[in-house]
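Okay, so here's the structure we're looking at.
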Amino acid sequence: IDRDALHLWKRFFTTSNIEVVLFDIEPLALYRGMFESSDEKAVAVIDMGTQGTSFSFFSKHGLVLESFLSTGGDALTKSIMNSLHLDEREAEKVKRSVGLSDHQHEVFPLISRGIDEIIKEAGKLIAYVEAKTNEKVHEIVLGGGTAQLKGIVEYLSLYLDPPVRI
């Protein structure tokens, strides 16, 4: 975290008469929101957002690794728009209504191609974390809007070893 950026934000809030008690980084805040207490088991949190996907790995020692992939919900929508010649609203509607639930639907390969990039990156990161910490990643927890796609938990579960949940 860039200390200069933190100082700029603190100064901004101070000049706005807002007292800053604490700055928190998103992966830690997300982790605390998903788990009641600090678990002894290693877990992966995959935050599938609009602009990209964040990977955060936690062990009994805290945050072990954080990584970002620029594949997110917007990339999936754009793929549908370009391939099926739909406007953004219609492409988003199809993405949300079908998702990964219908393997026969024309949108399935368009969505799965982007999700496969996320799976590939998650697999590499899981292997790295397990080797680095000597701990098995016991669970993958999904967050973010793209995690709401129909069939995504089942699809990811086909290709990733730890159990996947939202």
Legend entry - Check against side chain to side chain contact (heavy atoms under 4.5 Å, CB included), L149 and M48: CA-CA 10 Å; L149 284 177; M48 306 170 82; over 6 Å; no
Inset, instruction - Describe, in one word, how the ring planes of H103 and F108 are oriented to each other, choosing from parallel (under 30°), tilted (30 to 60°) and perpendicular (over 60°). - result: parallel
Treating [X] as the side-chain partner and [Y] as the backbone partner, does any N or O pair qualify as donor plus acceptor under 3.5 Å?
X: E130; Y: V137; answer: yes
X: S101; Y: V98; answer: yes
X: S79; Y: A75; answer: no
X: T53; Y: T71; answer: yes
X: T50; Y: G73; answer: no

Counting C-beta onward and ignoring hydrogens, is there a side-chain heavy-atom pair between [X] and [Y] closer than 4.5 Å?
X: L76; Y: I115; result: yes
X: L65; Y: Y128; result: yes
X: P162; Y: I126; result: yes
X: M81; Y: E92; result: no
X: I119; Y: D116; result: yes
X: T133; Y: F57; result: no
X: L100; Y: E154; result: no

Ionic contact status for [Y] with [X], cut-off 4.0 Å:
X: E121; Y: K124; result: yes
X: K41; Y: E139; result: no
X: K120; Y: E117; result: no

What are the two closest non-hydrogen atoms of [X] and [Y], and how far apart are they?
X: L110; Y: S83; value: CD2-OG, 3.4 Å
X: G52; Y: F68; value: CA-CZ, 3.5 Å
X: G123; Y: L160; value: N-CD2, 4.0 Å
X: L125; Y: S67; value: CD1-CB, 3.8 Å
X: A42; Y: K136; value: CB-O, 3.5 Å
X: A122; Y: I46; value: CB-CD1, 4.1 Å

Legend entry - OG on S112 to CG on L158, rounded to 0.5 Å: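 That separation rounds to 11.5 Å.
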Taking [atom1] in [X] as the centre, count heavy atoms belonging to other residues, nucleotides or ligands within less than 6.0 Å. Is the count above 12?
X: E90; atom1: CD; value: yes
X: K93; atom1: NZ; value: no
X: N134; atom1: CG; value: no

Legend entry - Sole residue of V141, L156, I152 in side chain to side chain contact (heavy atoms under 4.5 Å, CB included) with V164: L156
